[in-house]
Protein chains: 2
Amino acid sequence: MAAQTVKNALRQLRVLRGWTQQELGAKVGTSRQAIIAIENGRFDPSLTLAIRLSRVFEKPIEEIFFLDH
Amino acid sequence: MAAQTVKNALRQLRVLRGWTQQELGAKVGTSRQAIIAIENGRFDPSLTLAIRLSRVFEKPIEEIFFLDH
DNA sequence: GTCCGATGTAAGGCGTGCTTGACATCATGT
DNA sequence: ACATGATGTCAAGCACGCCTTACATCGGAC
């Protein structure tokens, strides 16, 4: 089953900027489905993708992704 | 090909603190071999592991892992 | 010269991250 | 009624992250 261990603020940040999932995917060079899966907690992004996301949102990784405990 | 796309300052930070690879692995809950592979650029850590590493080094992820371009 | 800690590599295996393509739903607009 | 855009799901497939076990090397201490 999978399941993510990291929570994230992707959807909130994306909607705030008025971007669609497809637009965000294009910005960071990944697929629309990958964005959906990450936003909905089906799995965690790779470190590479997390860094790209933090760049397009102009926020440090620690303010986008949260690991419990 | 594989190969990492993210460069990191793990070895430098680890040696500065006088930790062995095994000790660092234990601190972040991973194996000695995984630490070696990451330090030597055989692959990138997962986001979860990157966050754990940033915590034991008490440094933001951006100061440990570097993505080109 | 031998032991041991630290580092490194290799192989087999498993779950996950991500891809492409196809299809479903719902809201909005015409 | 129909089209379109945004979101979501599913499935097959591939590469990677990480594990365990095992073995090799090198340096320092005795």
Side-chain angles (χ1 to χ4, degrees):
Chain A
M1 317 243 254
Q4 76 179 162
T5 53
V6 176
K7 296 180 181 175
N8 69 74
L10 273 195
R11 174 153 319 188
Q12 187 184 132
L13 292 169
R14 177 178 62 80
V15 171
L16 253 171
R17 283 161 179 72
W19 298 339
T20 67
Q21 292 170 332
Q22 190 153 24
E23 284 170 344
L24 178 56
K27 282 177 193 293
V28 297
T30 197
S31 68
R32 184 175 67 87
Q33 287 84 340
I35 299 294
I36 293 173
I38 295 166
E39 280 192 358
N40 292 353
R42 306 219 285 115
F43 54 69
D44 299 326
S46 66
L47 178 57
T48 299
L49 183 50
I51 293 177
R52 291 208 182 103
L53 286 165
S54 88
R55 288 185 182 165
V56 306
F57 286 125
E58 297 179 315
K59 275 186 164 289
I61 291 181
E62 287 81 359
E63 291 180 24
I64 304 179
F65 300 100
F66 314 100
L67 179 62
D68 288 342
H69 79 283
Chain B
M1 25 158 255
Q4 76 177 164
T5 53
V6 177
K7 294 180 181 173
N8 68 75
L10 272 194
R11 175 154 320 191
Q12 188 185 131
L13 292 169
R14 177 178 61 79
V15 171
L16 254 172
R17 283 162 179 73
W19 297 339
T20 68
Q21 293 169 331
Q22 190 153 26
E23 284 170 343
L24 178 55
K27 282 177 192 294
V28 298
T30 196
S31 69
R32 185 174 68 86
Q33 285 83 344
I35 299 294
I36 294 173
I38 295 167
E39 280 191 358
N40 291 353
R42 306 221 285 114
F43 54 68
D44 299 327
S46 65
L47 178 57
T48 300
L49 184 49
I51 293 176
R52 292 209 182 103
L53 286 164
S54 88
R55 288 186 182 165
V56 305
F57 286 125
E58 296 179 317
K59 276 185 162 290
I61 291 181
E62 286 81 359
E63 290 180 25
I64 304 178
F65 301 99
F66 314 101
L67 179 61
D68 289 341
H69 79 281

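In what follows, chains carry the letters A, B, and so on, assigned in the order in which the sequence lines appear, proteins first and then strands, with residues in each chain numbered from 1.
Remark: P of D:dC18 and CD of B:Glu39 are 14 Å apart, rounded to the nearest angstrom. The interatomic distance linking B:Leu24 (CG) with C:dA6 (P) rounds to 13 Å, in whole Å. Separating the CG atom of A:Leu47 from the P atom of D:dA15 is a distance of 21 Å, rounded to the nearest angstrom. Going from atom CZ of B:Arg42 over to atom P of D:dC16 covers 12 Å, rounded to whole Å. Nucleotide D:dC19 holds its C1' atom 13 Å from the CD1 atom of B:Ile35, rounded to whole Å. What separates CZ of B:Phe43 from C1' of C:dG8 is a distance of 14 Å, to the nearest Å. For B:Asp44 and D:dC16, the CG to C1' distance is 9 Å, given to the nearest whole Å. With rounding to whole Å, B:Leu49 atom CG is found 9 Å from D:dC18 atom C1'.
Taking only side-chain nitrogens and oxygens, A:Arg11 never comes nearer than 4.0 Å to OP1 or OP2 of D:dA6. In terms of phosphate contacts, B:Ser46 brings a side-chain nitrogen or oxygen within less than 4.0 Å of OP1 or OP2 of D:dC18. Using a 4.0 Å cut-off, some side-chain N or O of B:Asn40 falls inside it from OP1 or OP2 of C:dT9. When the side-chain nitrogen and oxygen atoms of B:Thr30 are compared with OP1 and OP2 of D:dC19, one or more of them lie within a distance under 4.0 Å.
Checked by distance alone, B:Arg32 brings a side-chain donor or acceptor within 3.5 Å of a matching partner on the base of C:dG8.
Using a 4.5 Å heavy-atom threshold, the side chains of B:Asp68 and B:Thr5 count as separate. Side-chain contact between B:Gln22 and B:Ile35 is absent, with no heavy-atom pair separated by less than 4.5 Å.
Heavy atoms of B:Gly25 sit nowhere under 4.0 angstrom from any nucleic acid atom. Using a 4.0 Å heavy-atom criterion, one finds that B:Gln22 contacts no nucleic acid atom at all. Base engagement by A:Ser31 is indicated by at least one non-hydrogen atom pair under 4.0 Å involving a base atom.
Under a 4.0 Å N-O distance rule, the pair B:Glu23/B:Arg14 does not qualify as a salt bridge.
Judged by distance alone, with hydrogens and angles left aside, the side-chain atoms of B:Arg17 form a donor-acceptor pair with the main-chain N or O of B:Leu13 at under 3.5 Å.
Listed nucleotides C:dG8, D:dT9, D:dC18 differ in distance to A:Ile36; the shortest reach to its side chain belongs to D:dT9.
Residue order along DNA chain C, read from the 5' end via each residue's closest nucleotide, puts B:Glu23 first among B:Gln33 and B:Glu23.
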TODO: Test A:Phe57 against A:Ile64 for side chain to side chain contact (heavy atoms under 4.5 Å, CB included), laying out the working first.
DONE: CA-CA 9 Å; A:Phe57 286 125; A:Ile64 304 179; 4.2 Å; yes
